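Please read these numbers as outputs of a predicted model, since none were measured by experiment.
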Amino acid sequence: MLGMNSKDWLNSTIGYIIYPSSYLDTDGDGLGDLKGIIQKLDYLQYLGINLVWICPIFKSPMDDYGYDVSDFEHINPLFGKDEDLITLLNEAHKRDIKIVIDFVLNHTSKEHIWYKKAIEDRNSEEYGYYIFKKGKENNLPPSNWKGFFSTSTWEYEPKLDEYFFHCFSKTMPDLNWANEKLREKIYQIAKKYLDLGVDGFRLDAVAHLAKDLSFSDAVGEKDENGLVFDASKFSNREEIYHYLDLLNENVFSKYDIVTVGEVGGSISAQESLRYNNKENGPIDLVFNFDTAWCNGAYASIEKADDEIKTDLICLKNGFMRWWSTCYKDAKGLALYWNNHDHPRVLSQYGSIKYRKESAKALITTLLFMYGVPFIHYGDEIGMSNTLYTSLDDFKDVSAQNFILENKHKFSEEKMIRFLNRTARVSGRTPMQWDDSENAGFSKGTPHLKINPNYKDVNVASNLKDEDSILHYFRSAIALRKEKTIESFVHDAYFQYIDYENEDVFAYSHGKNQELVVIANFRDHEVNFNFDKTKYEVKLHNYSDDKNSMTLRPFEVYLLIKKI
Ligand code: GLC
């Protein structure tokens, strides 16, 4: 049936994203761990979550919080022992929760043994696993390319008198996927974890596996160092599809798993079908983030906070573009507001003042669209961005590089304001479990500052309050899994109601608009023209139901037509 995911079980899957460093610390080192996740499986089951994606857990110097893997064979000792993964898988499976792990295929840490061997011996097999190149005249970098973390894509390796390529941090050399032996190594690692019982992979930065091997200079606007950012030099290039086909043929296709690829922002929904088309796409779902920046925050360094506003037309267009492309032609569609690389959705599209109302509106809007929802940990209690007051607080390699690049261009105040709105650390603060010290996250010193609002915003207080975000969230998930609702969500009639409305996000499923979601995305009242008398209210975030359709701040309805 159209709109059904190729793997049946995905149709009723609700995913949850865990940043392991920030979930629950059981050994007091200030970083979360696998035992912490195991302890919270009952909680996740209680919420109705049936798939958890865990950000990287392998050994790593943690320069990019685990995305810099130094050993794929072992669990990061900061997160626990190798056996803890087995326990986690067993315990999760007992509760019908699938575990998907982050697999970083594009690069390793410089501390990986492969890299160490490569730079010791140019004739080693490992030398071919990376991309080394001689400098240009006067030993300048081989090309003028700029990477994702505000630096050149080239770093000099003195041991070889050559440069290595990296599209992220300079401590993370990119792997050379053109090398067959490297590809085989990756297959072995993938198989090892699938054989252990892992239910799939989130494929990190998968769009960058192939580079323009001519390494010719990029043409375009130069930064002060003469560097040009041209993602097409290392994103979504033709060879990738071949590499992923091989990976699928050799590994993924042999297991009943889900693969979720991060394909970045430089690809359209139509182009993404190369990754996950129904016929022969090598992976199942893609994350693209087309809908993650519809408040223009990224381009907002000069703007005051009150000048930032959610552009609902951008959001509606984004979701529709992906629905209309993927519904018919893709293996499935991933639905999300954000992940660990983004500020909190409540701070972006919701409201601190209307925390409860807006968190409920956001979850309702997302959950009843077609696709596999992925919820970022903490959204179920309305966690929001922490307000940092010093540039040093932004403990993240991409933020620190951004600061270095821009500190002479903008005042400190502007940079802090901008980073508070955009930095990745805002979405990575420790989970707020209760109102005890460190929000119940750790008995040690947390690796990132806890949001001071934890005294009120925490799981324990949510559990006590019948009207809490958490309870609403749980009811919403339960409804989403009801068979009649599930079949509407997967039907072919998804459409917006009053598409041009700039304040209200409203849509329906069903030939005769049988399932309707109406959400006011503003912190003020908005009139909306819709006759809801023929509908039963299934979810609503205000205690009284008014007959008029003057929607209160962030008021949301999930309606089902009465028969
Ligand atoms: C992905 C991850 C991000 C990481 C980057 C490099 O974008 O989500 O957190 O920094 O890849 O691995």
Side-chain angles (χ1 to χ4, degrees), residues 1-18 44-45 48-54 88-90 92-103 105 187 190-191 193-204 206 241 244-263 269 272-288 322-336 339 366-375 477 480-492 494 509:
M1 184 184 154
L2 280 185
M4 296 306 257
N5 290 294
S6 59
K7 296 171 182 166
D8 290 355
W9 51 269
L10 276 177
N11 296 322
S12 47
T13 289
I14 310 287
Y16 185 88
I17 306 170
I18 291 185
L44 296 170
Q45 187 185 31
I49 299 299
N50 40 15
L51 183 145
V52 175
W53 146 23
I54 310 177
L88 171 65
L89 293 171
N90 290 337
H93 292 161
K94 274 189 212 159
R95 294 166 177 81
D96 281 330
I97 297 176
K98 294 190 187 279
I99 300 288
V100 164
I101 60 173
D102 221 310
F103 192 13
L105 307 174
Y187 305 158
K191 279 185 190 150
Y193 288 100
L194 294 173
D195 289 339
L196 274 186
V198 160
D199 301 289
F201 297 117
R202 181 266 188 175
L203 304 167
D204 180 64
V206 76
Y241 309 112
L244 290 178
D245 282 344
L246 291 172
L247 185 54
N248 185 32
E249 200 179 297
N250 284 289
V251 188
F252 301 159
S253 60
K254 301 187 191 304
Y255 300 82
D256 183 24
I257 53 163
V258 63
T259 48
V260 188
E262 184 200 30
V263 301
S272 79
L273 292 174
R274 293 291 298 273
Y275 290 97
N276 72 344
N277 74 79
K278 227 174 204 158
E279 300 312 314
N280 56 8
I283 60 181
D284 298 312
L285 307 171
V286 302
F287 262 55
N288 165 273
W322 284 83
W323 180 82
S324 55
T325 309
C326 295
Y327 181 76
K328 275 204 312 299
D329 297 325
K331 290 188 174 172
L333 175 65
L335 280 180
Y336 45 84
N339 68 4
L366 190 77
L367 266 190
F368 296 92
M369 284 191 275
Y370 160 75
V372 184
F374 284 85
I375 287 122
I477 289 182
R480 171 67 167 71
K481 289 183 181 168
E482 276 182 13
K483 284 297 160 214
T484 39
I485 295 201
E486 196 179 294
S487 59
F488 280 130
V489 167
H490 291 98
D491 77 8
F494 174 63
H509 289 284

Going through the checks in order, is the side-chain contact (heavy atoms from CB on, under 4.5 Å) test met by L247 and L105?
CA-CA 11 Å; L247 185 54; L105 307 174; 4.1 Å; yes
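- Residues Y241 and Y275 place their aromatic rings such that the two centres sit under 6.0 Å apart.
- Rounding to the nearest 0.5 Å gives a distance of 10.5 Å between CG of L333 and CG of N288.
- Minimum interatomic distance between C326 and G332 (heavy atoms only, all atoms of both residues): CB-O, 4.1 Å.
- Under a 3.5 Å cut-off, the side chain of K7 and the backbone N or O of I257 do form a donor-acceptor pair.
- At distances below 3.5 Å, at least one donor-acceptor pair connects side-chain atoms of N50 with backbone N or O atoms of I14.
- Between the side chain of R95 and the backbone N or O of Q45 there is no donor-acceptor pair closer than 3.5 Å.
- Side-chain contact check for F252 versus D284: every heavy-atom pair is 4.5 Å or farther apart.
- A 4.5 Å side-chain heavy-atom check between L88 and I54 finds at least one atom pair inside the cut-off.
- T259 contributes no side-chain N or O that, together with a main-chain N or O of F201, makes up a donor-acceptor pair within less than 3.5 Å.
- Annotation for D102 and R202: closest pair OD1-NH1, 3.0 Å, computed over non-hydrogen atoms.
- Here the CD1 atom belonging to I375 is positioned 13.0 Å from the CG atom belonging to N339, to the nearest 0.5 angstrom.
- Contact detail for R480 and M369: the closest heavy-atom pair is NH2-O, 4.0 Å.
- Rounding to the nearest 0.5 Å places CD1 of I97 at 11.5 Å from OG1 of T13.
- Within 6.0 Å of NZ on K328 lie no more than 12 heavy atoms contributed by other residues, nucleotides or ligands.
- At distances below 3.5 Å, at least one donor-acceptor pair connects side-chain atoms of S487 with backbone N or O atoms of T484.
- Note that the CG atom of L285 and the OG atom of S272 stand 10.5 Å from one another [nearest 0.5 Å].
- When ring centroids are compared, W53 and F287 come within the 6.0 Å threshold.
- H509 approaches F488 most closely through the heavy-atom pair ND1-O, 3.2 Å.
- Side chain of D199 to main chain of I99: a donor-acceptor pair is present (N/O by atom type, distance under 3.5 Å, no hydrogens or angles).
- At least one side-chain heavy atom of V286 sits under 4.5 Å from a side-chain heavy atom of W322.
- Atoms CG and NZ, from D195 and K254 in turn, are 11.5 Å apart once rounded to the nearest 0.5 Å.
- Shortest non-hydrogen contact noted between L244 and P282 is O-CB, 3.4 Å.
- A ring-centre distance under 6.0 Å is found for Y327 and Y370.
- A salt bridge is absent between D329 and K278: the closest approach of a Lys/Arg side-chain nitrogen to an acidic carboxylate oxygen does not fall below 4.0 angstrom.
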May I have the step-by-step check of side-chain contact (heavy atoms from CB on, under 4.5 Å) for V206 and V263, ending in yes or no?
CA-CA 6 Å; V206 76; V263 301; 4.1 Å; yes
Carefully, step by step, assess N277 and N280 under the rule side-chain hydrogen bond (donor to acceptor under 3.5 Å, both in side chains).
CA-CA 6 Å; N277 74 79; N280 56 8; 3.2 Å; yes
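- Under the 4.5 Å side-chain criterion, counting only non-hydrogen atoms from C-beta, I485 is in contact with F368.
- Separating the CG atom in L51 from the OH atom in Y16 is a distance of 13.0 Å, to the nearest 0.5 Å.
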Would I17 and Y336 count as a side-chain contact (heavy atoms from CB on, under 4.5 Å) here? Give the steps.
CA-CA 10 Å; I17 306 170; Y336 45 84; 5.6 Å; no
